A.B. asks: 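What follows is a single structure, and I will ask about it in a moment.
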Amino acid sequence: MESDIKCMECGKTTRNFELGELICDLRKPSKTIIVKDAVICPKCKKDISNEKFALKENETLMKLVAANISISIGSVPNHLKRAYCLEPPIYRQHKSVFKSKPKLVGKF
């Protein structure tokens with residue numbers, strides 16, 4: 001999934017950053033969003049995986065909703081691919097494979 005991210009190490013924002021595969025628990029999406037791969041800041045080249053990068057909360061949740069609606073109708077736009085809301089038992093099974101957790105903020 002593409003999103004704007006802010007690096008908490010260097011303070012710079014990157015627009016349309018490809019996060020890769022992203023999942024969340026359907027019951028608590030804002031508290032359980034995780035990204036499969038490690039996240040490297042494109043500006044300072046540091047590993048910012050564990051809450052060292054920020055995503056806009058409202059924008060991210062809206063993209064998750066849009067991605068799931070698109071999946072249900074069968075046509076997912078490229079910028080929303082690989083974003084899934086999962087049922088709690090399925091989320092717990094996949095959680096150990098995912099490496100990055102974003103910090104969700106109102107704005108940056």
Side-chain angles (χ1 to χ4, degrees):
M1 181 175 91
E2 284 184 12
S3 189
D4 297 350
I5 67 165
K6 180 172 185 175
C7 175
M8 305 308 259
E9 293 288 322
C10 66
K12 295 182 181 174
T13 302
T14 304
R15 304 189 97 203
N16 301 322
F17 182 81
E18 179 58 47
L19 286 170
E21 193 169 346
L22 181 138
I23 62 170
C24 72
D25 184 337
L26 188 61
R27 308 256 188 250
K28 302 178 221 164
S30 64
K31 297 187 185 329
T32 58
I33 293 175
I34 51 178
V35 179
K36 187 169 189 173
D37 300 321
V39 178
I40 306 297
C41 176
K43 310 276 170 115
C44 68
K45 307 296 185 213
K46 292 183 181 177
D47 183 359
I48 54 173
S49 296
N50 295 320
E51 293 189 347
K52 293 181 185 173
F53 70 101
L55 299 174
K56 293 179 184 172
E57 183 175 20
N58 291 341
E59 183 180 300
T60 304
L61 293 176
M62 291 294 284
K63 285 182 179 182
L64 281 167
V65 168
N68 283 291
I69 290 171
S70 298
I71 288 168
S72 69
I73 61 173
S75 175
V76 182
N78 285 337
H79 70 284
L80 296 176
K81 286 191 178 186
R82 303 185 306 170
Y84 310 100
C85 288
L86 304 174
E87 292 291 331
I90 299 168
Y91 173 81
R92 284 191 294 273
Q93 288 175 350
H94 288 81
K95 185 178 175 182
S96 64
V97 178
F98 285 65
K99 298 179 176 126
S100 302
K101 181 164 177 55
K103 183 175 185 176
L104 297 176
V105 297
K107 59 182 175 179
F108 36 82

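In this chain, numbering begins with 1 at the start of the sequence shown. Note that the structure is predicted; figures quoted are calculated from it, not measured.
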A.B. asks: Would you indicate whether the side-chain heavy atoms of M1 and E21 approach each other to under 4.5 Å?
C.D. replies: no
A.B. asks: Show which side-chain atoms of residues 28-44 pair as donor or acceptor with protein atoms under 3.5 Å away, not counting sequence neighbours.
C.D. replies:
| from | atom 1 | to | atom 2 | distance (Å) |
| --- | --- | --- | --- | --- |
| T32 | OG1 | D25 | N | 2.8 |
| T32 | OG1 | K28 | O | 2.7 |
| K43 | NZ | T13 | O | 3.3 |

A.B. asks: Are any non-hydrogen side-chain atoms of K56 and K63 less than 4.5 angstrom apart?
C.D. replies: no
A.B. asks: Not counting sequence neighbours, which residues clear side chain to side chain contact (heavy atoms under 4.5 Å, CB included) with N78? List them please.
C.D. replies: K81
A.B. asks: Which atom pair, heavy atoms only, marks the closest approach of E59 to D4?
C.D. replies: OE2-N, 4.0 Å
A.B. asks: Side-chain heavy atoms nearer than 4.5 Å, only ILVMFWY residues, links allowed to pass through others: does that put M8 and L55 together?
C.D. replies: no
A.B. asks: Among N16, T14, L19, which one satisfies side-chain contact (heavy atoms from CB on, under 4.5 Å) with S3?
C.D. replies: L19
A.B. asks: Within a reach of under 6.0 Å around NZ of K101, are more than 12 heavy atoms found that belong to other residues, nucleotides or ligands?
C.D. replies: yes
A.B. asks: Less than 4.5 Å apart, side chain to side chain, heavy atoms only: is that true for Y91 and L26?
C.D. replies: no
A.B. asks: Is there a side-chain contact between P88 and R27 (heavy atoms, below 4.5 Å)?
C.D. replies: yes
A.B. asks: Do L22 and F17 sit in the same hydrophobic cluster, where Ile, Leu, Val, Met, Phe, Trp and Tyr count as joined when their side-chain heavy atoms come under 4.5 Å apart?
C.D. replies: yes
A.B. asks: Membership question, hydrophobic clusters at under 4.5 Å side-chain separation (ILVMFWY): are L80 and I73 in the same one?
C.D. replies: no
A.B. asks: In the single-linkage hydrophobic clustering (I, L, V, M, F, W, Y; side-chain heavy atoms under 4.5 Å), do I23 and I71 co-cluster?
C.D. replies: yes
A.B. asks: Look up atom NZ in K45 and atom SG in C10, then write down how far apart they are to the nearest 0.5 Å.
C.D. replies: 10.0 Å
A.B. asks: Quick check: closest heavy atoms across N68 and L64, and the distance to 0.1 Å?
C.D. replies: ND2-O, 2.8 Å
A.B. asks: I5 and L104: same hydrophobic cluster, using ILVMFWY side-chain contacts below 4.5 Å?
C.D. replies: yes
A.B. asks: Which atoms form the tightest heavy-atom contact between A54 and F108, and what is the distance?
C.D. replies: O-CE2, 3.7 Å
